[in-house]
Structures are given as C-alpha cells and as structure tokens.
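Keep in mind that what you see is a predicted model, and the values were worked out from it rather than measured.
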Amino acid sequence: LHKKIGMSLVQDPEVADNAELCAAAVDQINLCTEILDPVERALFARLNLVAGKHSIAASNFEQARGYFESGLLLLHANPWQRQYSLCMELHEMSVIVSYMDGKIEVVSSRLDSIVTNASFDDALNSRALQAKLLASQQRFSEAVNVVLAVLSHFGEEFPRNASLAYVTS
C-alpha cells in the first residue's frame, strides 16, 4: 500500500518542486524500501535528496538528515562506482545537516567515506572540513596531517615535525 501511494504521488510532474508532495511521496516509500526494484531505488534515492533539501529550506535539519540517510540506504551496492554524483551529494548533505544537528560521529563517518571514495578534487572541501573537525576535537596532529597531505598532493612539501620558526621563515 505504501509503495502504491508513493508511486502515485511521483506521477505528478511537480513532485520535485513541491516540498509537501515530495515529502509525502518519500515518506510513503521509505516505509517499504525492501520491495523496490533497482530503478525505483535510484528514483527514490534522488527524491530523498530533494526532500532533504526542502527540509533544509524549512530549517528542519533533523528531518533533512533522515531523508539523506534514507537516500544513502537506497543507493546501489557499489554507489561510488554506479551512482557517483548522487552518492557524493547525499554524503555532503548528510555532513552538513549532521554537523548542524550535533551528530559528530556521522559527520566523521561521512567525511571518511568521501575522502576514501571520491576523487581528490571532489573531496577537497571534505578534506578541509575533516581537518577543521579534527582540530575542533583537539586532535591537532591528525588535522595537520590532513592538511599536509593536501599540500603534498599539490607539490608543497613540509617536514612532518616543522617548528614554528621553520614555517614562518
């Protein structure tokens, strides 16, 4: 029944633009994800992303995080290979709302996934956020290592144990 309702709601061509309609459709489908075929899973992963963005616009970050997490669960078995852009965007949006919602363990996990699986260029913002997150947790040496790895990628080499005098000279 949930699938039938959700599928009928997505027939409306305005579903992605209408926050209430989009939320109603994904709320129904998220109750029956185990019976979706791969095409439907991809469709509703994308619609969960859209619903999450609508929730952010309404300042409902907890609801947005739920939509992004549901979208991630609907991705194919190898999402970084098969649905790269969607997977990347769901991860990035999950990072943003999880940080706003104080879910630091989710932020860390999602950043690790992005840094591990995304291209270096695509993960650059995530690496910067990862360094900031580590520094905010007073894990300064790990934060410095993240930054040094980025600089190294661009051909800038610094000694791992550089003194302040070395860095400022």
Study note, to complete from the structure: To the nearest 0.5 Å, atom CG of Asn48 lies from atom CE of Met93 at 12.5 Å
Point to revise | same_hphob_cluster(Val147, Val150) at 4.5 Å side-chain heavy-atom cutoff | key: no
Point to revise | Glu69/Arg110 salt bridge by N-O under 4.0 Å criterion | key: yes
Point to revise | Any donor-acceptor pair under 3.5 Å from Asn30 side chain to Val26 backbone | key: yes
Exercise for review: Determine the minimum heavy-atom distance between Thr116 and Asp112, stating which atoms define it.
Suggested key: OG1-O, 2.7 Å
Check your understanding: Are any of the side-chain heavy atoms of Arg127 and Phe120 separated by less than 4.5 Å?
Key -> yes
**Study point:** Within one Ile-Leu-Val-Met-Phe-Trp-Tyr cluster: Phe68 and Val106, side-chain cutoff 4.5 Å
**Key:** no
**Study point:** Flag side-chain contact, heavy atom, 4.5 Å: Leu72 against Tyr67
**Key:** no
Exercise for review: Check whether any side-chain heavy atom of Leu36 sits under 4.5 Å from a side-chain heavy atom of Leu74, and report yes or no.
Suggested key: yes
**Study point:** CG-CD distance between Asn145 and Gln130, expressed to the nearest 0.5 angstrom
**Key:** 11.0 Å
Review point. Rounded to the nearest 0.5 Å, how far apart are CG of Leu49 and SG of Cys87?
Key: 11.0 Å
Practice item. Taking the side chain as every heavy atom from C-beta outward, state whether Arg41 and His76 have any atom pair closer than 4.5 Å. Key: no
Practice item. Grab the two heavy atoms, one from Ala143 and one from Ala131, that are nearest each other, plus how far apart they are. Key: CB-O, 3.4 Å
Review point. Members other than Tyr84 in its cluster, when Ile, Leu, Val, Met, Phe, Trp, Tyr link by side-chain heavy atoms under 4.5 Å?
Key: Trp80, Met88, Val95, Tyr99, Ile104, Val107, Leu111, Ile114, Leu129, Leu133
Point to revise | Cluster check Leu21, Ile5: I/L/V/M/F/W/Y, side chain < 4.5 angstrom | key: yes
Study note, to complete from the structure: d(Glu89 CD, Ser94 OG) to nearest 0.5 Å is 12.5 Å
Review point. Can Glu62 and Lys103 be counted as an ion pair, charged N to O under 4.0 angstrom?
Key: no
Practice item. Give a yes or no on this: more than 12 heavy atoms of other residues, nucleotides or ligands lie within 6.0 Å of atom CD of Gln81. Key: yes
Check your understanding: Under the ring-ring contact (aromatic ring centres under 6.0 Å, His included) rule, what pairs show up with a residue in residues 25-64, not counting sequence neighbours?
Key -> none
Review point. Going from CD on Glu40 to OG1 on Thr33, what distance comes out if it is rounded to the nearest 0.5 angstrom?
Key: 11.5 Å
Check your understanding: Within a strict 4.5 Å, meaning less than it, do heavy atoms of the Ile29 and His2 side chains meet?
Key -> no
Exercise for review: Please report the shortest heavy-atom distance between Cys22 and Leu47, naming the atom on each side.
Suggested key: SG-O, 3.6 Å
Study note, to complete from the structure: Here the pair of heavy atoms bringing Ala45 nearest to Leu86 is CB-CD2, 3.8 Å
Check your understanding: Got a second to check how far Leu134's CG is from Arg139's CZ, nearest 0.5 Å?
Key -> 5.0 Å
Exercise for review: Please check if the side chain of Gln28 supplies one atom and the backbone of Ala25 the other of a donor-acceptor pair under 3.5 Å.
Suggested key: no
Point to revise | Derivation of the side chain to side chain donor-acceptor pair (under 3.5 Å) call for Glu92 and Asn125 | key: CA-CA 10 Å; Glu92 288 176 332; Asn125 284 335; 5.8 Å; no
Review point. Should the heavy atoms of other residues, nucleotides or ligands under 6.0 Å from CD of Glu105 be counted, would the total exceed 12?
Key: yes
